[in-house]
Amino acid sequence: MRQAGMYSGILNGGMSGRTGPHLLPLARIKKIMKRSGEDVKMISGEAPIIFSKACELFIEELTQRSWKVTLQGKRRTLHKEDVASAVIATDVFDFLVNVVSESGANSEDTPVVMER
Amino acid sequence: MVDEQDHLLPIANVGRIMKQILPPRAKISKEAKETMQECASEFISFVTGEASDKCQKENRKTVNGDDICWALSALGFDDYAEAILRYLHKYREFERERANQNKVGGSQDKDEASNCKCIQAGKQSVIPPPLECRVIEKGNSSLTRPS
């Protein structure tokens, strides 16, 4: 019941009214969206909600790929270099190359080529 | 300091999402979480920029959920786009039902009426309405894995 799972995800993360709607704070997401460009003037109410889910998926995927690098290094602690390696090895994460470089991560390591 | 963090998602939230996808014995360095924070913000900006461009071209002022879905697809995140589209439809359905409930009359549920804040503003301070909701399960293992 994947759909049910997702739906209850809305409610569970969702309308408790106490801890905030979702895993990620909507107001903050909205702020980040607005910063992305001057052209971004109006954002519908559902957009940050959609993004909270999209970010979740994104973080999960990048984390999983990073963890593969960690395991290959026979380690149990995920380091930022592992994230950098995962970014470099994944085409769709090309837009992050500068972000992980700025973090001071070395790209000296041989990137593990992963298919997407 | 506050300004610095303003453009990032909270590290606790990010860390939680990372943790829930990893094996229980896995550890995450603080720097890895920080890097992930920055990556997530960049992701939001990247996708929003694309969605915003589309809106501009179509002479629309408001970036909506469909635009985000479209942008995800356009940028290569097809798997996310599919899952998000389902999520979006569920959300809209949920909102429609809520709106209908309010129209029909909130006498059955005074909590409902008093908590009917405007979702349009992206604020959600409502309690779950008495719909035939799915059981709220402990733990957010509710994510559709893109495969």
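In what follows, chains carry the letters A, B, and so on, assigned in the order in which the sequence lines appear, proteins first and then strands, with residues in each chain numbered from 1. What's counted below: heavy atoms across the whole structure, side chains too, no hydrogens, waters or symmetry copies.
- For chain A, the nearby part of Leu22(B) is the side chain; its heavy atoms alone come within less than 4.5 Å.
- Under the rule for a salt bridge (charged side-chain N to carboxylate O under 4.0 Å, His left out), the partners of Lys30(B) that lie at least two apart in sequence or sit in another chain are Glu34(B).
- With sequence neighbours excluded, no residue satisfies side chain to side chain donor-acceptor pair (under 3.5 Å) with Thr48(B).
- Looking at Arg65(A) and Glu61(A), a side-chain N of the basic residue comes within less than 4.0 Å of a carboxylate O on the acidic one, giving a salt bridge.
- Contact of Phe46(B) with chain A is made through the side chain alone, with heavy-atom distances under 4.5 Å.
- For chain B, the option among Leu71(A), Leu78(A), Ile29(A) with the highest count of heavy-atom pairs below 4.5 Å is Leu78(A).
- Lys31(A) places none of its side-chain heavy atoms less than 4.5 Å from the side chain of His7(B).
- The contact between Gln56(B) and chain A is made entirely by side chain atoms (from C-beta outward), counting heavy-atom distances below 4.5 Å.
- Taking the six-membered ring for Trp, Phe43(B) and Phe93(A) have ring centres at least 6.0 Å apart.
- For Val40(A), the parts sitting under 4.5 Å from any heavy atom of chain B are the backbone and the side chain alike.
- Under the 4.0 Å criterion applied to side-chain N and carboxylate O atoms, Arg75(A) and Asp82(A) are assigned as salt-bridge partners.
- Of the atoms belonging to Phe51(A), it is side-chain heavy atoms, and not backbone ones, that fall under 4.5 Å from chain B.
- A side-chain contact (heavy atoms from CB on, under 4.5 Å) with Met36(B) is found for one member of Leu9(B), Val14(B), Leu8(B) and no other, namely Val14(B).
- Using a cutoff of 4.0 Å between basic side-chain nitrogens and carboxylate oxygens, Arg96(B) and Glu93(B) are not scored as salt-bridged.
- Neither the backbone nor the side chain of Leu85(B) comes within contact range of chain A; no heavy atom of the residue lies under 4.5 Å from a heavy atom of that chain.
- Between the Arg28(A) side chain and the Gln5(B) main chain, a donor and an acceptor come within less than 3.5 Å of each other.
- Lys34(A) pairs by the salt bridge (charged side-chain N to carboxylate O under 4.0 Å, His left out) definition with nothing, not counting sequence neighbours.
- Of all residues in residues 60-68 of chain B, those placing a non-hydrogen atom less than 4.5 angstrom from a non-hydrogen atom of chain A are Lys61(B), Thr62(B), Val63(B), Asn64(B), Gly65(B), Asp66(B), Ile68(B).
- Chosen from Cys39(B), Cys55(B), Ala40(B), the residue pairing most often with chain A at heavy-atom distances under 4.5 Å is Cys39(B).
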